[in-house]
Trainee: 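Structure in structure tokens, see below.
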Amino acid sequence: MIDMKRYAALLRGINISGKNEISMPELKSCFIEHGYSDVHTYLNSGNVVFSIDEDDEILLADRIKTMIKERFGLDIPVFVILQEELKDILTKAPPWWGTDDKAVYDNLIFVLPFSTPEIAAEKIGEPTEGLERVSLYKNVIFWSFDRMKYTKSNWWKKTASAGIGEMLTIRTANTIKKIVEI
């Protein structure tokens with residue numbers, strides 16, 4: 001028998017500018033109805049923390065994607081990660097990432113399983129010197145940029161562009177820190 005494991009599911013591109021709308025209470029109910037336990041949602045951007053006796057993140061992501069398509073009629077990418085792995089990733093953050101500096105905006109980019117951080121970074125290109133920083137680790141990219149000059153940053157312009165945005169889902173440092181605590 002497999003022990004219950006704690007996961008975070010990150011849904012890409014929901015509840016953004018009135019598109020791909022999913023109510024978080026309905027999403028939570030959907031997870032519970034499909035056998036997930038201790039389910040919590042965080043914010044309105046598709047962050048779900050849950051427990052299940054499964055040990056295959058790819059299989060879980062596929063199941064959740066199918067569940068969302070059947071229940072809500074949306075075909076959206078889903079990234080699933082063990083909560084323990086997420087905690088480990090945060091311990092490997094570069095010293096410039098996730099600080100209290102309000103002039104800097106810190107994000108964690110999750111690269112969906114069909115790609116790699118190296119491929120994503122190559123497609124996006126070099127970060128704009130003096131405005132943004134990136135660091136690759138496992139299946140994520142730590143990314144920070146100057147809040148006041150974000151429109152001048154290379155990565156800001158390209159992370160949502162065609163051919164790149166589909167391979168990523170992005171969360172702020174504060175969101176990730178909260179998901180780890182749930």
Trainee: With a 6.0 Å cut-off (strictly less than), is the heavy-atom count around CD of Glu118, excluding the residue itself, greater than 12?
Mentor: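 Buried by this count: over 12 neighbours within 6.0 Å.
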
Trainee: Verify whether the ring centers belonging to Phe145 and Trp155 lie closer than 6.0 Å.
Mentor: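 Ring centres of Trp155 and Phe145 not closer than 6.0 Å.
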
Trainee: Can you sort out the partners of Asp101 under salt bridge (charged side-chain N to carboxylate O under 4.0 Å, His left out), two or more places apart, ordered by chain and number?
Mentor: none

Trainee: Looking at Asp146 and Lys152, is any side-chain nitrogen of the basic one under 4.0 Å from a carboxylate oxygen of the acidic one?
Mentor: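 Salt bridge flag = no for Asp146 with Lys152.
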
Trainee: List the steps, then state whether side-chain hydrogen bond (donor to acceptor under 3.5 Å, both in side chains) holds for Tyr7 with Asp55.
Mentor: CA-CA 10 Å; Tyr7 291 95; Asp55 62 357; 6.0 Å; no

Trainee: Stepwise, does the side-chain hydrogen bond (donor to acceptor under 3.5 Å, both in side chains) test hold for Ser45 with Asn15?
Mentor: CA-CA 6 Å; Ser45 54; Asn15 298 333; over 6 Å; no

Trainee: Around atom NZ of Lys149, are there more than 12 heavy atoms of other residues, nucleotides or ligands at under 6.0 Å?
Mentor: no

Trainee: Answer yes or no: is there an ion pair linking Lys5 with Glu84, defined by an N-O contact shorter than 4.0 Å?
Mentor: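 Salt bridge absent between Lys5 and Glu84.
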
Trainee: Does atom NZ (Lys69) have a neighbourhood of more than 12 heavy atoms from anything else shown, all under 6.0 Å?
Mentor: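 At most 12 heavy atoms, drawn from other residues, nucleotides or ligands, come within 6.0 Å of this atom.
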
Trainee: Between Arg71 and Glu33, does at least one N-O distance fall below 4.0 Å, as a salt bridge requires?
Mentor: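 The answer is yes: the pair qualifies as a salt bridge.
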
Trainee: For Leu112 and Val78, work out which heavy atoms get closest and say how close.
Mentor: CD2-O, 4.1 Å

Trainee: Find the distance between CD (Glu85) and CD1 (Ile89) and round it off to the nearest 0.5 Å.
Mentor: 4.5 Å

Trainee: Do Lys157 side-chain atoms and Tyr150 backbone N/O form a donor-acceptor pair below 3.5 Å?
Mentor: no

